[in-house]
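What follows is a set of notes on a single structure, which appears directly below.
Only this structure's heavy atoms are used, side chains among them; waters, hydrogens and symmetry mates stay out.
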Amino acid sequence: MKSATTDAPRSSTAPDADDTRPSRRTTLQAVRGMNDVLPDEAALWEQFEDTTRDVFRRYGYRNLRVPIVEPTPLFVRAIGDATDVVEKEMYTFEDRLNGESLTLRPEATAGIVRAAIEHNLLYERPQRVWLAGPMFRHERPQKGRYRQFYQFDVEALGFPGPDVDAEQIVMLARLWRELGLADAIHLEINSIGDGAERRAHRSALVDYFTRHADALDADSRRRLSTNPLRILDSKNPALQDVIAGAPRLVDRLELPARTHFEGVTQLLADAGIAYIVNPRLVRGLDYYNRTVFEWVTDRLGAQGTVAGGGRYDGLFEELGGKATPACGFAMGIERMILLLQNAKREARSAPFAYLVHVGDAAAKVAQRVAEQLRDAGHPIVVNAGGGSFKAQMKRADASGARFALIIGDDEAAAGTVAIKPLREAGEQHAVALEDVGNHLSASAHTTL
């Protein structure tokens with residue numbers, strides 16, 4: 001993936017100082033922090049996305065799609081105007097037609113809840129849904145963290161009990177196993193209680209950190225008056241001793257929130273899911289309550305969280321709907337791809353076979369054979385643009401295909417295809433047209 005790490009000029013030919021229009025000779029590049037995913041890497045994305053969608057389907061979650069652009073008040077009301085996202089990170093602009101303030105979505109939950117309210121999705125029953133796509137935040141690009149980034153977002157809407165909280169955690173544990181990453185990711189959980197407990201805890205935090213204001217950095221002092229809970233999430237090593245002594249919300253949970261949390265932990269124990277209770281685990285978005293969780297890895301440096309979420313029972317009312325319990329999580333795709341790359345899991349992006357054809361009669365047969373093989377599920381690339389037999393065989397080898405299928409006019413007349421292994425030992429041999437599919441199917445079950 002192409003990633004820019006400096007603020008160097010983004011074109012190879014700068015315009016004159018008095019002309020801000022790009023010259024026709026200017027080489028334009030992607031916006032910093034908004035990156036291309038090229039075909040070789042996209043194969044791993046497809047593998048990951050296909051596996052993820054399949055796991056979600058097995059738990060009854062269905063796809064929901066919402067716009068990338070939403071009215072700005074949606075995110076201000078949902079996320080909170082005292083958060084870093086709203087204060088510094090949103091891409092907000094004015095609609096030229098009507099002057100409405102619009103924002104590229106910085107996260108997906110608010111849009112999903114807006115859609116659920118607008119379309120009355122919960123009228124008949126609760127809903128399990130997932131969304132995948134780009135999000136946008138104007139922050140410093142770094143490895144695994146971009147200004148246009150991609151997420152899977154999963155929401156269970158209308159479920160009040162701890163069972164659905166645990167279900168989502170168990171579902172992610174299954175995904176890690178199927179991706180071969182179970183040993184690379186661990187679970188941290190916490191409860192941030194209900195509204196009254198959070199308000200009391202906020203006051204206790206303000207009192208505590210005010211007494212230690214001299215030890216706080218500039219960012220934490222700013223948060224002291226806006227969102228003191230986020231001080232607990234600071235990664236500044238100099239603050240860790242002060243943070244360790246701060247009041248813990250999990251110690252002051254009232255009975256409903258405590259019972260809910262105990263229910264989640266019991267269900268995780270029953271499912272054999274190991275976890276760590278992290279009393280400093282918080283959420284910077286205002287709509288969370290009760291259960292919060294993160295799946296964390298130590299293989300990506302400082303950006304260790306690959307999936308995180310929790311319960312947000314107050315968001316529907318905040319956005320004008322009826323009181324509705326809900327729980328969900330987001331998973332960063334770029335970080336998952338980095339983790340898979342680090343684990344040296346390679347996706348097969350190459351075609352299974354490359355079809356070489358020389359001669360007019362062979363070209364007609366080649367197209368027909370390729371479509372039949374594709375009907376059977378085989379990825380087949382047909383040579384395009386002509387070329388000699390030697391040139392086409394070079395293309396076949398460069399494609400990474402496992403086999404070359406060769407049809408000349410002689411093969412076309414005889415009703416055969418020559419099959420030549422490209423990645424393993426074996427002799428070229430002829431197979432009748434009607435048997436090529438069975439031959440390739442048998443070969444697909446053998447390893448290289």
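- Checked for salt-bridge contact, Arg128 and Glu167 meet the test: a charged N lies under 4.0 Å from a carboxylate O.
- Using a cut-off of 4.0 Å between Lys/Arg side-chain N and Asp/Glu carboxylate O, Arg252 and Glu197 are scored as not salt-bridged.
- Centroid-to-centroid, the aromatic rings of Tyr354 and Phe403 stay 6.0 Å apart or farther.
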Report the C-alpha distance between Tyr275 and Phe293 in whole Å, list the side-chain angles of each, state the deciding distance to 0.1 Å, and finish with yes or no for ring pair (Phe, Tyr, Trp, His ring centres under 6.0 Å). CA-CA 10 Å; Tyr275 61 86; Phe293 64 88; over 10 Å; no

Would Arg299 and Leu339 count as a side-chain contact (heavy atoms from CB on, under 4.5 Å) if you check the C-alpha gap in whole Å, the side-chain angles of each, and the deciding distance to 0.1 Å? CA-CA 7 Å; Arg299 301 184 184 182; Leu339 198 56; 3.9 Å; yes

Does Asp54 form a side chain to side chain donor-acceptor pair (under 3.5 Å) with Thr51? I'd like the steps, not just the answer. CA-CA 5 Å; Asp54 181 62; Thr51 302; over 6 Å; no

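- Taking the charged nitrogens against the carboxylate oxygens, Glu118 and Arg114 do have a contact shorter than 4.0 Å, which makes a salt bridge.
- Comment: Asp194 does not engage Arg198 in a salt bridge, judged by the lack of any side-chain N to carboxylate O separation of less than 4.0 angstrom.
- Counted by atom type alone, Tyr150 and Gln148 present one or more donor-acceptor pairs between their side chains at under 3.5 Å.
- Listed by first and then second residue, the salt bridge (charged side-chain N to carboxylate O under 4.0 Å, His left out) pairs involving residues 237-251 are Arg248-Asp251 (not counting sequence neighbours).
- Taking a cutoff of 4.0 Å between a charged side-chain nitrogen and a carboxylate oxygen, Glu178 and Arg58 qualify as a salt bridge.
- Side-chain atoms of Phe48 and Phe152, non-hydrogen and from C-beta on, do get closer than 4.5 Å to each other.
- Note: Tyr288 and Tyr312 have perpendicular aromatic rings, judged against thresholds of 30 and 60 degrees for the angle between ring planes.
- Side chains of Val37 and Trp45 form a contact here, defined as non-hydrogen atoms less than 4.5 Å apart.
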I would like to know whether Ser220 and Ser234 meet side chain to side chain donor-acceptor pair (under 3.5 Å); could you show each step before the answer? CA-CA 8 Å; Ser220 295; Ser234 172; 4.5 Å; no

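- Side-chain contact check for Asp217 and Asn236: at least one donor-acceptor pair (N or O, by modelled atom type) lies under 3.5 Å.
- Residues Gln428 and Ile406 are in side-chain contact: their nearest non-hydrogen atoms beyond the backbone lie under 4.5 Å apart.
- Salt-bridge annotation for Lys394 and Asp397: absent, with no side-chain N of the basic residue lying under 4.0 Å from a carboxylate O of the acidic one.
- With contacts defined as side-chain heavy-atom distances shorter than 4.5 Å, the pair Leu102/Glu70 does not qualify.
- With contacts defined as side-chain heavy-atom distances shorter than 4.5 Å, the pair Ser191/Thr291 does not qualify.
- Inspection of the His186 and Asp298 side chains reveals no N or O donor paired with an N or O acceptor under 3.5 Å.
- By the 4.5 Å heavy-atom criterion applied to side chains, Tyr208 and Ile231 are not counted as neighbours.
- Side-chain atoms of Ile407 and Val356, non-hydrogen and from C-beta on, never get closer than 4.5 Å to each other.
- Taking both residues in full, the closest heavy atoms of Gly33 and Tyr146 are given as O-CB, 3.3 Å, listed atom of the first, atom of the second, then distance.
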Return a table of donor-acceptor pairs under 3.5 angstrom between the side chains of residues 318-332 and protein atoms on other chains or two or more places apart.
from   : atom 1 : to     : atom 2 : distance (Å)
Thr324 : OG1    : Lys322 : O      : 2.9

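- Side-chain contact between Ile189 and Thr265 is present, with heavy atoms from C-beta onward closer than 4.5 Å.
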Kindly determine whether Leu433 and Gln372 satisfy side-chain contact (heavy atoms from CB on, under 4.5 Å), including the steps that lead there. CA-CA 10 Å; Leu433 289 177; Gln372 292 171 352; 5.9 Å; no

